[in-house]
Amino acid sequence: MSETDEPADDAAIPVQSVDLDSDVPLEVEGLRKTFGGITAVDDVSFGVEKGSLTGLIGPNGAGKSTTFNLITGMHEPDSGAVRFNGEDVTGLPPHEIATRGLARTFQIARELEEMTVLENMMLAPKGQMGESLWRSVTPGLRNDVQRQETEQLERVWDVLDFFEIDHLAEEYAGNLSGGQRKLLEMARALLTDPDVLLLDEPFAGVNPSLEKRLLEHVHDLREEGYTFLIVEHDMDLIMENCERVIVMHQGRILKDGTPTEVKQSEDVIEAYLGGEV
Ligand code: ADP
Ligand code: MG
């Protein structure tokens, strides 16, 4: 899937070709992050094509979650850059990055378990509007805010309906099954109508039938034009569902290609057989 253009002039490193306002909404270049003496992410570069389902896999400790955290602003890289829709977003706080359309899923935190599904959904985007706006509304603005609230509620119901959890709206999040929780997590991430969705192990602890359903939702959304970067431990799942796979090992990119290319890579086979998977 990832047939690239001519290599860029300055391409000393084999980076996916990069065109700022192109079909590569998310692009990382030369990302590096150390924790004490550990280099968790070491010169990582890749681009995620618009409308793609791209998988990021690798053995435990390979640096997947750290890469994810660098992209979403949870960590600041020691060096390197993250570009989103042609803008440099390196080092921006997570909410700024989210507001620009790069969303991620969050596990339902303990305090949210005591709220209903609907309340969880209503909380998500309001937090992103900023408290100050809500406090300092002038009468003229108040209508705007009310209109926004109505629109938000409509969006909430649409998304709940899409994930087929609208019947659970009044249920406490803490009472949901593991799989229903994953649906809610994805529903929350979708509320802001992001361009790109990052999912970190979205299928962990999900039973096979719900996994299938979650995957169907992901494929449906992709067909609507959403772009996904999925971090996964389960190599087979990624191989079967993504058209592009990036393999990390010991902080570096070992292979970036189609599932077939990845499967045939001796480096990948060695990394998976040689290490703890
Ligand atoms: P993966 O998600 O692929 O399992 P991680 O990105 O979580 O890998 O971890 C990569 C390496 O960085 C591991 O050696 C891990 O122990 C280390 N690491 C990750 N986060 C931290 C942190 N906050 N502090 C110290 N070391 C970390
Ligand atoms: Mg991880």
Side-chain angles (χ1 to χ4, degrees), residues 16 26-48 53-82 84 89-95 97-98 102-110 178-179 181-182 185-186 188-189 196-206 211 214-215 218 228-242 244-257 259 262-263 265 267-277:
Q16 274 245 311
L26 173 63
E27 189 220 339
V28 303
E29 205 170 322
L31 275 189
R32 191 179 158 82
K33 179 72 180 175
T34 55
F35 296 107
I38 299 165
T39 304
V41 171
D42 191 3
D43 194 20
V44 163
S45 304
F46 60 85
V48 173
L53 228 167
T54 299
L56 179 60
I57 61 170
N60 262 330
K64 305 181 297 293
S65 291
T66 306
T67 301
F68 187 97
N69 289 332
L70 291 170
I71 293 172
T72 54
M74 313 297 278
H75 291 321
E76 200 171 333
D78 298 344
S79 57
V82 179
F84 184 62
V89 297
T90 320
L92 288 183
H95 68 271
I97 292 178
L102 182 57
R104 56 160 299 181
T105 50
F106 283 99
Q107 287 196 334
I108 306 300
R110 182 149 298 173
R181 236 171 228 251
K182 294 282 177 191
E185 286 168 17
M186 230 188 266
R188 295 184 87 219
V196 178
L197 261 133
L198 272 77
L199 312 177
D200 193 1
E201 307 221 2
F203 311 107
V206 174
E211 177 181 293
L214 267 171
L215 276 165
V218 168
F228 286 88
L229 178 64
I230 305 183
V231 174
E232 245 309 319
H233 194 76
D234 183 341
M235 189 170 181
D236 293 335
L237 188 146
I238 290 297
M239 292 297 188
E240 282 162 25
N241 289 281
C242 297
R244 159 107 179 280
V245 182
I246 300 163
V247 188
M248 282 187 79
H249 182 50
Q250 296 177 346
R252 304 183 72 97
I253 292 188
L254 198 60
K255 185 76 191 172
D256 180 345
V262 164
K263 260 185 227 164
S265 157
D267 289 343
V268 173
I269 294 165
E270 197 174 312
Y272 267 88
L273 293 179
E276 4 61 270
V277 176

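Quantities reported herein were computed from a predicted structural model and do not represent experimental measurements. Just follow the structure's listing: the first ligand is 1, and inside any ligand the first atom is 1.
- To the nearest 0.5 Å, the span separating CG on Leu53 from CG on Asn241 amounts to 7.0 Å.
- Residues passing the ring-ring contact (aromatic ring centres under 6.0 Å, His included) test with Phe35, sequence neighbours excluded: His75.
- Side-chain N/O atoms of Ser65 and Asp200 include a donor and acceptor closer than 3.5 Å.
- Looking at Asp236, Ile230, Ile238 one by one, the single match for side-chain contact (heavy atoms from CB on, under 4.5 Å) with Ile57 turns out to be Ile238.
- Listed by chain and number, the protein atoms of type N/O/S under 2.8 Å from the Mg ion (ligand 2) are Ser65 OG; waters are omitted.
- For atom 4 (O) of ligand 1, the nearest non-hydrogen atom of the protein is Gly61 N, 2.8 Å.
- Counting heavy atoms from C-beta outward, Ile253 and Asp43 have side chains that stay 4.5 Å or more apart.
- Taken from CE in Met248 to CG in Asp42, the straight-line distance is 8.5 Å, to the nearest 0.5 Å.
- Between Leu254 and Asp267 the shortest heavy-atom distance is CD2-O, 3.6 Å.
- The minimum heavy-atom distance linking Leu31 with Pro77 is given by the pair CD2-CB, 3.8 Å.
- Polar contact with ligand 1: present for Thr66 (N/O pair, distance under 3.5 Å).
- For atom 21 (C) of ligand 1, a protein heavy-atom neighbour is found at a distance under 4.0 Å.
- At least one heavy atom of Gly63 sits less than 4.0 Å from an atom of ligand 1.
- Side-chain contact between Thr66 and Lys33 is present, with heavy atoms from C-beta onward closer than 4.5 Å.
- Of the protein's non-hydrogen atoms, the one nearest atom 14 (O) of ligand 1 is Ile38 CG2, 3.9 Å.
- Near Ala62, meaning under 4.0 Å from one of its heavy atoms, ligand 1 places the atoms 1 (P), 3 (O), 8 (O).
- Looking at Gly251, Gly58, Pro59, Ala40, it is Ala40 that brings a heavy atom closest to atom 11 (C) of ligand 1.
- Within a 4.0 Å radius of atom 8 (O) of ligand 1, the protein contributes one or more non-hydrogen atoms.
- Side-chain atoms of Leu229 and Leu197, non-hydrogen and from C-beta on, never get closer than 4.5 Å to each other.
- In terms of polar-atom proximity, defined here as any N/O pair under 3.5 Å, Phe35 makes no such contact with ligand 1.
- Proximity to Ser65 (heavy-atom distance under 4.0 Å) selects the following atoms of ligand 1: 1 (P), 2 (O), 6 (O), 7 (O).
- Across all non-hydrogen atoms, the minimal contact from Ala189 to Arg104 is CB-O, 3.5 Å.
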